[in-house]
Novice: 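Please find one structure pasted underneath; my questions will follow.
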Amino acid sequence: MGLMEALVFRGWPRPESPGKLVLDLTRPSLCGLRLAEPASRVREVLGAPASWREKKRRGCWAYPAWGLRVDVPGDQEVESFRVALQRPEQGLTVSRLPWRSFTGQLILPQGTLPASRVTRQDFEKAFSKPTEVDELLGDTLVTWERDQWLVEVAFHEDGAPLYVSVDRND
């Protein structure tokens, strides 16, 4: 955290890590945060983000040390969240933050897996036929539409999952 972040986020909690490092894809939540929760809840659970610029300009609360980001446009409600699975150096933000892979658990309908071991087959088994499959610069973007939310997973050309994104769909 730089000097500006220390000033802007003074008085904010600074946990060593979230209480539970879990991405639940059965009823979407990240570290206990659900879609549409208020920004105050993100602050309470995750504390100060790594970059005030990302937060101010894009509504992106970035936590690169934990491999996750939460999008809260206008500091209102959680719109989406994303975790870096493999190749975190590609990052989840425009700015060059020192990203690491998400080391927590993923809860899928068929059970709980360490994020480091999840595969494309796990996602396909959990969500069956994707709503959309796109190729983007050699990577494959697979989207599954649920009732009120979307799951999007990017896979590297070698098949490794790069990130999981969960977005509101209302």
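Along the sequence shown, residues are numbered consecutively beginning with 1.
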Novice: Just wondering, do Arg34 and Arg27 contact through their side chains at under 4.5 Å, heavy atoms?
Specialist: yes
Novice: Whether the side chain of Gln121 engages the backbone of Thr119 through a donor-acceptor N/O pair (distance < 3.5 Å, no angle test) should be reported.
Specialist: no
Novice: Which residue, Val164, Val118, Leu25, forms the side-chain contact (heavy atoms from CB on, under 4.5 Å) with Val153?
Specialist: Val164
Novice: How long is the span from the CG atom in Leu141 to the OG atom in Ser165, to the nearest 0.5 Å?
Specialist: 9.0 Å
Novice: Verify the neighbour count for atom CZ of Arg146: are there more than 12 heavy atoms of other residues, nucleotides or ligands below 6.0 Å?
Specialist: yes
Novice: Between CD of Glu152 and OG1 of Thr131, what distance do you get to the nearest 0.5 Å?
Specialist: 11.0 Å
Novice: What are the two closest non-hydrogen atoms of Pro64 and Pro98, and how far apart are they?
Specialist: CB-O, 3.6 Å
Novice: Side-chain contact, heavy-atom cut-off 4.5 Å: Leu30 with Val166?
Specialist: no
Novice: Could you pull out the closest heavy-atom pair between Ala39 and Val72, with the gap in Å?
Specialist: CB-CG1, 3.7 Å
Novice: Students often mix this up, so state it plainly: with edges at 30° and 60°, are the rings of Trp144 and Phe123 parallel, tilted or perpendicular?
Specialist: parallel
Novice: Group every Ile, Leu, Val, Met, Phe, Trp and Tyr by side-chain heavy-atom contacts under 4.5 Å, then state whether Ile107 and Trp66 land in the same group.
Specialist: no
Novice: Are Phe155 and Leu85 close enough that some pair of their side-chain heavy atoms sits under 4.5 Å apart?
Specialist: no
Novice: Tell me the closest heavy-atom pair linking Ala65 and Arg100, and the distance in Å.
Specialist: O-CD, 3.8 Å
Novice: Tell me whether Phe102 shares a hydrophobic cluster with Val22, the cluster being built from Ile, Leu, Val, Met, Phe, Trp, Tyr side chains joined at under 4.5 Å.
Specialist: no
Novice: How long is the gap from CG on Asp134 to CG on Asp139, to the nearest 0.5 Å?
Specialist: 12.0 Å
Novice: Contact between Pro161 and Arg120 at the side-chain level, heavy atoms closer than 4.5 Å - yes or no?
Specialist: no
Novice: What closest approach, in Å, do Val133 and Pro130 show between heavy atoms, and which atom pair accounts for it?
Specialist: CG2-CG, 3.7 Å
Novice: Could you walk me through whether Trp149 and Leu35 pass side chain to side chain contact (heavy atoms under 4.5 Å, CB included), step by step?
Specialist: CA-CA 9 Å; Trp149 48 286; Leu35 295 172; 3.8 Å; yes
Novice: Just verifying a value: how many Å separate Leu23 CG and Thr112 OG1, rounded to the nearest 0.5 Å?
Specialist: 11.0 Å
Novice: Locate the shortest heavy-atom distance separating Gln86 from Ala160; write the atom from each residue and the value.
Specialist: OE1-CB, 3.0 Å
Novice: Closest approach of Glu79 and Pro73, non-hydrogen atoms and distance?
Specialist: CB-CD, 3.7 Å
Novice: Would you call Lys20 and Gln105 a side-chain contact if the rule is heavy atoms closer than 4.5 Å?
Specialist: no
Novice: Is the number of heavy atoms from other residues, nucleotides or ligands under 6.0 Å of Gln148 CD greater than 12?
Specialist: no
Novice: With hydrophobic residues grouped by side-chain heavy-atom distances under 4.5 Å, do Leu108 and Leu21 end up in a single group?
Specialist: yes
Novice: Under a 4.5 Å cut-off applied to non-hydrogen side-chain atoms, are Trp61 and Leu46 in contact?
Specialist: no
Novice: For a 4.5 angstrom cut-off between non-hydrogen side-chain atoms, does Phe127 reach Val142?
Specialist: no
Novice: Indicate, with yes or no, if Phe81 and Leu150 share a hydrophobic cluster defined by side-chain heavy-atom contacts under 4.5 Å among Ile, Leu, Val, Met, Phe, Trp and Tyr.
Specialist: no
Novice: Starting from the C-alpha separation in whole Å, work towards a yes-or-no answer on side chain to side chain contact (heavy atoms under 4.5 Å, CB included) for Asp122 and Gln110.
Specialist: CA-CA 9 Å; Asp122 294 319; Gln110 71 267 28; 4.2 Å; yes
Novice: Yes or no on side chain to side chain contact (heavy atoms under 4.5 Å, CB included) for Glu132 and Glu145, after CA distance, side-chain angles and deciding distance?
Specialist: CA-CA 9 Å; Glu132 195 173 327; Glu145 197 168 328; over 6 Å; no
